[in-house]
A.B. asks: 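The structure is given below, and queries will be raised subsequently.
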Amino acid sequence: MTGFDRLRGHLVREYEKKTDRSRAIFRRAEKVMIAGGSHTIRLWRPYPFFAAAAEGPSVRDVDGNTYIDYWQGHYANILGHNPRLIRSRIAACLERGALHTGFEAGHQIELAEALVQGLGGREAKVRFTTSGTLATMYAVMMAQGLTGRDHVLKVGGGWHGASPYLLKGVKFHADDGFEGRESAGLLDEIVRRTLVTRFNDVADLERAIAEHGDRIACFIVEPFLGVGGFLAASKEYLERARQLTAKHGILLVFDEIISGFRFCPGGVQTLYGVRPDLTTLGKIIGGGHAVAAVIGPREIMEECEHGRGGGDRVYFEGGTFSAHSEYMKAGLIMLGYLADHAATVYPKIARSGERLRREIERVFAAEGIRARCTGDGNDVVCGSSLFMVHFPRTADVAYDRPEDIHDPRRSDLPMREDLLKLALLVNGVNVVHGGGAVSSAHGAKEIGATIAAYAEAARLFKKYLD
Ligand SMILES: Cc1ncc(COP(=O)(O)O)c(C=O)c1O
């Protein structure tokens, strides 16, 4: 038996000891739900804990264990879990009757105005939907409708939700890197028309656009890569993307579903000073509810009202729960708070992020283990609350590209996804991909306890893996 297996066995036993009830619930769940739940990332092995309550920096499971949580609602909860501010006002709203009516109601206008303001305040139009997947799908459809082209360019490692147009080049595949399709059930034709370029690689972007420019409807990119590795795009890359797309009649779409309102009270695009044609937002803007949006200048957004030259319009109609009044209200409270408290919230979470990234590397180094954290910003995004931990196989992995993070020859993924996850859980900390997002509810006490949990994990790694 390898040291890895022995350590995993030890951690599973420790985890099982404290999570009897979760285990029993999971066995029931497995009988009626695919893989026992509703979202793969929440279903770690041997089984997930089931949450009973969550407040601020922490979540409590059904067995009564408390974890300091950095998953924070898929990074949506920038003020921590269930902030009283939103909870109390939404409760009052519900009392007055905020369940779904199917009629247009006022708060959506204020939220749309807040989003336009957050993207720089220039004239723009908004349409709401209920998930990031839908927002990016509609953005692609609008680009295709507007340009009359049928190819989409995205970056390897970029995750934009499960829209068929974008289910390629998300995971690193042993045979074809970031060129692979991510799902069965996709039409070959759509997969073929989705092109993949390397993140932050100006030369590769120039090549892709030189080769396929007249067929590409849009280039969709996160200015701060999320799931792909918490990597900031360089200013040069985004500026070049803007120039090239404008020159070739390609729409530039910034997917700010993670980065929007995470680094400043608006889009991170305002820090770069690069203006895309369309922006997609989600997560934080719903104040804990299912809100996503597509935003762009009137002449582009009106593509959903009437097609060009009497042609078909883009069928971005809205869904049953689009602009749900309770969700709109929660989003407004969230964005209002962030605008009013930007000077305290953003520096605080960035300082904690910086401390975690530095200390995590240090505690592993103290045990002779190489660990690297991504998530720090750059000369444009100064300060970041995001952190992702990696175990490089060799000392020279640069961690400036998603390839470094997702290629198992460069980074030891089972060590992070299996061992670190469990080692932290048994020490009262919940992470995803070895880290997560700091919220304003995480104070010095939680950050200190988190560093201690990583130090304990490092000691265990040394003991078993040496
Ligand atoms: C950058 C980005 N775009 C789109 C999505 C999809 O959003 P949703 O999960 O709301 O469909 C995600 C989700 O994590 C994301 O990180």
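Counting starts at 1 for both ligands and their atoms, in listed order. Along the sequence shown, residues carry numbers from 1. When reading the values below, keep in mind they use all heavy atoms of this one structure, side chains included, and skip hydrogens, waters and symmetry mates.
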A.B. asks: Under a 4.0 Å N-O cut-off, is there an ion pair linking Asp188 with Arg181?
C.D. replies: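 Salt bridge flag = yes for Arg181 with Asp188.
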A.B. asks: Give the minimum heavy-atom separation between Cys218 and Val253, together with the two atoms involved.
C.D. replies: CB-CG2, 3.9 Å
A.B. asks: Please determine whether a side-chain nitrogen of the Lys or Arg among Glu417 and Arg45 lies less than 4.0 Å from a carboxylate oxygen of the Asp or Glu.
C.D. replies: no
A.B. asks: Where do Lys125 and Glu305 land on the salt bridge (charged side-chain N to carboxylate O under 4.0 Å, His left out) test, with the steps shown first?
C.D. replies: CA-CA 12 Å; Lys125 282 197 166 189; Glu305 286 181 47; 3.6 Å; yes
A.B. asks: Students often mix this up, so state it plainly: with edges at 30° and 60°, are the rings of Tyr67 and Phe49 parallel, tilted or perpendicular?
C.D. replies: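 Taking Phe49 first and then Tyr67, their aromatic rings lie parallel (interplane angle under 30°).
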A.B. asks: Look at Arg357 together with Glu354 and state whether they make a salt bridge at an N to O cut-off of under 4.0 Å.
C.D. replies: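 Looking at Glu354 together with Arg357, the answer is yes, because their closest N to O distance falls below 4.0 Å.
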A.B. asks: Report all protein residues having a heavy-atom distance below 4.0 Å to some atom of ligand 1; order the list by chain, then number.
C.D. replies: Ser131, Gly132, Thr133, Trp159, His160, Gly161, Glu222, Asp255, Ile257, Ile258, Lys283
